[in-house]
Amino acid sequence: MTTSREQILSRVRTALEPLKERAPLPDWDAELIRIRSAQPAVDLVAQFSERMKAVNGTPVRSVAEVVALLSERGWKRGYCDPAIWPKLQASFGDDFKVETTFDRSRVDDYDFGITTATAGIAETGTVLLSDNDSSSRLAALAPWVHVAVLDPNTIHPDIGSALAALPKDPNIIWVTGPSKTADIEGILIEGVHGPGVQVALLVSL
């Protein structure tokens, strides 16, 4: 039986078939990007952490801190990118149930998802996620807790320098703190359209 999702995607594919190539990316002035990025040197990790906390994100510097956070809240079942799980596994106790394949049919079973981040932006505390680097986009967006493993060496000072360095990827997600909305009577609510807890694990694995 064909689902509504399959019907919609089929129509999208049919509509795209006649197109020989996708629309080109918009022009932008690389020189202006370089000028915008010319600013005094700062501790990018410290600035990233400060700005991430300002938007209710949670920057941590060790796997032990992640495990402590998950344990304290009782979040014991989750997903981890199979490429990085061997490097994290020793820190997790036997009371954790961590899978390396994200089962779409059991989305609600996962308390947390641990995926690799592509880069970070210090001036905004933003984490960048791409399809090239993430093993499962759904695992980064569906669980209540998302832990983005971010190499401190990939943190850019500002949005301009991040744009100039972005890889060619059809899907790049900019994550600035937990998911938020204020659509309902102007009341800010977190965790409606995505994770309610956004963690950045700042380590080089």
Side-chain angles (χ1 to χ4, degrees), residues 28 32-70 72-73 75 78-81 84 88 111-167 169 171-183 186-205:
W28 53 280
L32 287 179
I33 294 292
R34 284 192 290 272
I35 293 173
R36 170 66 179 83
S37 300
Q39 54 182 318
V42 297
D43 183 335
L44 296 182
V45 174
Q47 185 182 43
F48 173 87
S49 299
E50 175 192 340
R51 300 295 168 81
M52 188 178 192
K53 289 177 182 177
V55 292
N56 291 338
T58 306
V60 297
R61 298 300 302 270
S62 71
V63 182
E65 289 181 78
V66 173
V67 174
L69 172 65
L70 297 175
E72 180 183 343
R73 305 291 180 85
W75 296 319
Y79 163 88
C80 183
D81 182 333
I84 60 177
L88 307 180
D111 297 319
F112 61 88
I114 304 174
T115 68
T116 302
T118 297
I121 303 176
E123 75 171 348
T124 57
T126 299
V127 173
L128 302 180
L129 309 174
S130 72
D131 280 357
N132 285 337
D133 297 320
S134 179
S135 57
S136 173
R137 187 162 23 132
L138 189 60
L141 301 178
W144 180 251
V145 183
H146 176 229
V147 179
V149 180
L150 176 62
D151 185 336
N153 296 315
T154 65
I155 295 177
H156 301 284
D158 49 50
I159 293 174
S161 57
L163 284 171
L166 283 178
D169 192 298
N171 296 296
I172 295 180
I173 302 172
W174 297 56
V175 181
T176 307
S179 168
K180 302 177 182 68
T181 183
D183 292 345
I187 300 171
L188 183 64
I189 301 174
E190 294 184 343
V192 176
H193 306 301
V197 177
Q198 177 61 56
V199 179
L201 173 55
L202 298 161
V203 295
S204 299
L205 296 179

Val145 and Arg73: side-chain contact (heavy atoms from CB on, under 4.5 Å), yes or no, with the steps?
CA-CA 11 Å; Val145 183; Arg73 305 291 180 85; over 6 Å; no
Separation of [Y] [atom2] from [X] [atom1] (nearest 0.5 Å):
X	Y	atom1	atom2	result
Leu166	Ile172	CG	CD1	4.5 Å
Leu202	Asn153	CG	CG	11.0 Å
Ile173	Ser130	CD1	OG	9.0 Å
Ser136	Leu141	OG	CG	8.5 Å
Leu201	Thr58	CG	OG1	12.0 Å
Asp133	Leu128	CG	CG	10.5 Å

Take Leu150 and Ile155, measure what side-chain contact (heavy atoms from CB on, under 4.5 Å) needs, and give me the verdict at the end.
CA-CA 8 Å; Leu150 176 62; Ile155 295 177; 4.0 Å; yes
Using a 4.5 Å cut-off on heavy atoms from C-beta on, say whether the side chain of [Y] contacts that of [X].
X	Y	result
Trp75	Val197	yes
Thr124	Trp174	no
Val199	Leu69	yes
Thr118	Asp169	no
Leu44	Pro157	yes
Val45	Arg61	yes

For residues Asp81 and Thr115, is any side-chain donor paired with an opposing acceptor at under 3.5 Å?
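The criterion, which ignores hydrogens and geometry beyond distance, is not satisfied for Thr115 and Asp81.
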Residue pair [X] / [Y]: nearest heavy atoms and the distance that separates them:
X	Y	result
Gly125	Arg51	N-CB, 3.6 Å
Pro195	Ala140	CG-O, 3.3 Å
Phe48	Gly120	CE1-CA, 4.3 Å
Pro59	Lys53	CD-CG, 3.7 Å
Gln47	Glu123	OE1-N, 4.0 Å
Ser204	Asp151	OG-OD1, 2.9 Å

Ser179 backbone acceptor or donor facing Gln198 side chain under 3.5 Å:
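Absent.
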Run the side-chain contact (heavy atoms from CB on, under 4.5 Å) check on Val60 and Val147 step by step: do they pass?
CA-CA 10 Å; Val60 297; Val147 179; over 6 Å; no
Who pairs with Tyr79 by ring pair (Phe, Tyr, Trp, His ring centres under 6.0 Å), at least two apart in sequence or on another chain?
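Listed in chain order: Phe102.
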